[in-house]
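Throughout, a chain's letter reflects where its sequence line sits, starting with A, and its residues are numbered from 1. What you are looking at is a predicted structure, and each value in this text was computed from that prediction instead of being measured.
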Number of protein chains: 2
Amino acid sequence: MEATAIMMNSNIQLTSRDKAVLMKAPFLNSLGGSSLVNMLATMGVQTLAARATVFREGENAEAFYCVLSGYVRLYRLSRDGREADIRICAPGDTFAECLLYTDQKYPFHAQATETCTIAHFDLEAVKSLAEHDPEVARAIMASLSRHLLSTMECVANDRLFTAPQRVANYILSRCPVDGGPASIRLPFQKSLLAGMLGLAPEALSRAFSSLRKTGVTVRGRMIQVVDVQALRQI
Amino acid sequence: MEATAIMMNSNIQLTSRDKAVLMKAPFLNSLGGSSLVNMLATMGVQTLAARATVFREGENAEAFYCVLSGYVRLYRLSRDGREADIRICAPGDTFAECLLYTDQKYPFHAQATETCTIAHFDLEAVKSLAEHDPEVARAIMASLSRHLLSTMECVANDRLFTAPQRVANYILSRCPVDGGPASIRLPFQKSLLAGMLGLAPEALSRAFSSLRKTGVTVRGRMIQVVDVQALRQI
DNA sequence: CGGATCCTTGAAGATGATCAAAGTTAGTGG
DNA sequence: CCACTAACTTTGATCATCTTCAAGGATCCG
């Protein structure tokens, strides 16, 4: 496919796994033909070491991003140096595309939580693409809608549920089955999950132990659930 | 203007104040010519009594909305009946436009907090408008971006700041001046502000009294600030 | 003027943050 | 492959914050 050719030319470092993630990303997989080719033409790829900064709050926004491998953490700092995570971006997720039509400064920090490969798209270039290509505009609207919905869900979860309930929700959201026993593996460190749920690491740890009586066993990154239905009652 | 003509024909009940709000709404004020005419052609207007429901979580989504007068509350319910506000929509705000490209069910409840006039836009109609009209697509992207940014800000605020700090932030955001004394009037009930900040009404009340020592005086809906700069240090 | 709603205040309890220290895991280099 | 270090996680103890429940005041609107 033409798109693949362009992509490989300008970005030798893309592994085949990264390419697969990129093409399956919700933001791109609805695009085809010239829309896809044009989007990929504005794209660059970069690799980040663990804890590396993607951008800082207040910097001029020049690009939005798509995670190809690893996890990127979006967070804010308070004046006294405390951090609050806003979103954890998994492979396939885009972030900062909300700056296309608004601010010209990044409104939060973005940091690689481990070794990461991320694609960047020039904001100006995509903006003018979107003006002329309804398919691109559609993809952006879909992506923004999805993020808005999940962020509103996050507000509601923070305000309605306690720590054990939020942890249970998270486990359930990653359980492949509807009932009976299940076993999942955390894709990242527990401290990252804690931040994602708006908790201190200690609070996450205590939430896990309070879930033991509901049949949740944690060993390292493995989580075993005796009965998924029972967990839903929390 | 043509647009005004269409609007008035199909919606006799629009007051001139409502019309002004509508045309200044961020979602519409970037539109002109046929884009505006087409948008307004898909629009209807309705008046709601205090506490009336706009839609319920789980209902089929057929329209998104723009508030013309009054305030609309978006909220979620937990299984035990507790409510958590997600957003308070002021005149000029749109809501539920995030359903254009995603779910077909409303993911939260929407309720008029007082007598309200709201405009509704058919989701399907606007969706096909956006496909053909880059100006409409652009307006939708801008609106979604704005809401996503403010919702992320809300998550960060909830996680970083205490009740008095959030109240101080709110006051500062509505202060017309940068320093010295200021006086503002709440546009709605305190219980609504409490929910907006993720607090119980009692917690808001206590936050106000704890701000007294920082020069904040509250009498009914009037808030007086002795020194705006001092409030910023909270 | 009167009833309903809204707001404030008090007291008690739940929840989660913070700090400190011990225990685990994982990664590195010999 | 093992040992060792650094990073991460758990646990305990304490504290701040906010919620809940209850009751008394204030305010608003008919």
Side-chain angles (χ1 to χ4, degrees), chain A residues 49-51 71 73 75 77-78 80-85 111-115 155 157-170 185-212 216-223 234, chain B residues 49-51 71 73 78 80-85 111-115 155-169 185-212 216-223 234:
Chain A
R51 293 202 184 70
Y71 288 81
R73 193 168 77 95
Y75 65 99
L77 281 177
S78 69
D80 55 344
R82 278 166 39 248
E83 301 182 350
D85 288 4
Q111 179 194 40
T113 63
E114 56 188 287
T115 308
V155 172
N157 283 343
D158 278 14
R159 293 180 172 182
L160 278 179
F161 301 121
T162 65
Q165 290 173 323
R166 278 180 265 171
V167 173
N169 279 344
Y170 175 79
R185 186 184 161 78
L186 287 180
F188 38 56
Q189 296 185 151
K190 282 182 194 148
S191 56
L192 194 58
L193 176 60
M196 193 175 145
L197 300 176
L199 298 171
E202 297 93 327
L204 175 66
S205 191
R206 284 185 242 270
F208 272 132
S209 41
S210 87
L211 287 176
R212 256 199 300 262
V216 176
T217 318
V218 180
R219 286 179 62 91
R221 288 190 177 182
M222 290 303 302
I223 301 178
I234 293 289
Chain B
R51 294 202 182 69
Y71 289 82
R73 194 168 76 95
S78 68
D80 54 345
R82 277 165 39 248
E83 302 182 350
D85 287 5
Q111 178 194 41
T113 63
E114 54 189 289
T115 307
V155 172
N157 283 344
D158 277 15
R159 292 180 173 182
L160 278 180
F161 301 121
T162 64
Q165 290 174 323
R166 278 180 264 171
V167 174
N169 279 344
R185 186 185 161 77
L186 287 179
F188 38 57
Q189 297 186 149
K190 283 181 194 152
S191 57
L192 195 58
L193 176 60
M196 192 174 146
L197 300 176
L199 298 171
E202 296 94 326
L204 175 67
S205 190
R206 285 185 242 270
F208 272 132
S209 38
S210 87
L211 287 177
R212 255 199 300 261
V216 176
T217 318
V218 180
R219 285 180 62 92
R221 289 190 176 181
M222 290 303 302
I223 301 179
I234 292 290

Does the side chain of A:Asn169 reach to within under 4.5 Å of the side chain of A:Phe161, using non-hydrogen atoms? yes
Does a side-chain heavy-atom distance below 4.5 Å link B:Thr113 with B:Phe188?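 Side chain of B:Thr113 against side chain of B:Phe188, heavy atoms only: no contact under 4.5 Å found.
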Choosing from [options], which nucleotide comes nearest the side chain of [X]?
{"X": "A:Ser191", "options": "C:dC7, D:dT9, D:dC18", "result": "D:dT9"}
{"X": "B:Arg166", "options": "D:dC18, C:dT8, C:dG16", "result": "D:dC18"}
{"X": "B:Gln189", "options": "C:dG16, C:dC6, D:dT19", "result": "C:dC6"}

Report yes or no: does A:Ser205 contribute a side-chain atom to a donor-acceptor pair with the main-chain N or O of A:Pro201 at less than 3.5 Å?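 Here the side-chain-to-backbone pair does not exist.
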Confirm from the modelled atom types if B:Glu202 and D:dC21 form a donor-acceptor pair under 3.5 Å, side chain to base only.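 Yes.
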Can a donor-acceptor pair under 3.5 Å be found between the side-chain atoms of A:Arg159 and the base atoms of D:dT19?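 No, the side chain and the base share no sub-3.5 Å donor-acceptor pair.
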[X] near the nucleic acid: base, sugar-phosphate alone, or nothing, with a heavy-atom cut-off under 4.0 Å?
{"X": "A:Arg51", "value": "sugar-phosphate"}
{"X": "B:Leu199", "value": "sugar-phosphate"}
{"X": "B:Arg82", "value": "sugar-phosphate"}

Among A:Leu160, A:Ile234, A:Asn157, exactly one meets side chain to side chain contact (heavy atoms under 4.5 Å, CB included) together with A:Gln165. Which residue is that?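 Filter result, single survivor: A:Ile234.
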Between B:Ser209 and A:Ala200, name the one whose nearest nucleotide on DNA chain C is closer to the 5' end. B:Ser209
Would you kindly compare A:Ala163 and B:Arg206 by the position of their nearest DNA chain C nucleotide and give the one closer to the 5′ end?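 Comparing both residues, the 5'-ward one is B:Arg206.
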Within the structure, does a side-chain N or O atom of B:Lys190 lie under 4.0 Å from either OP1 or OP2 of D:dT27? no
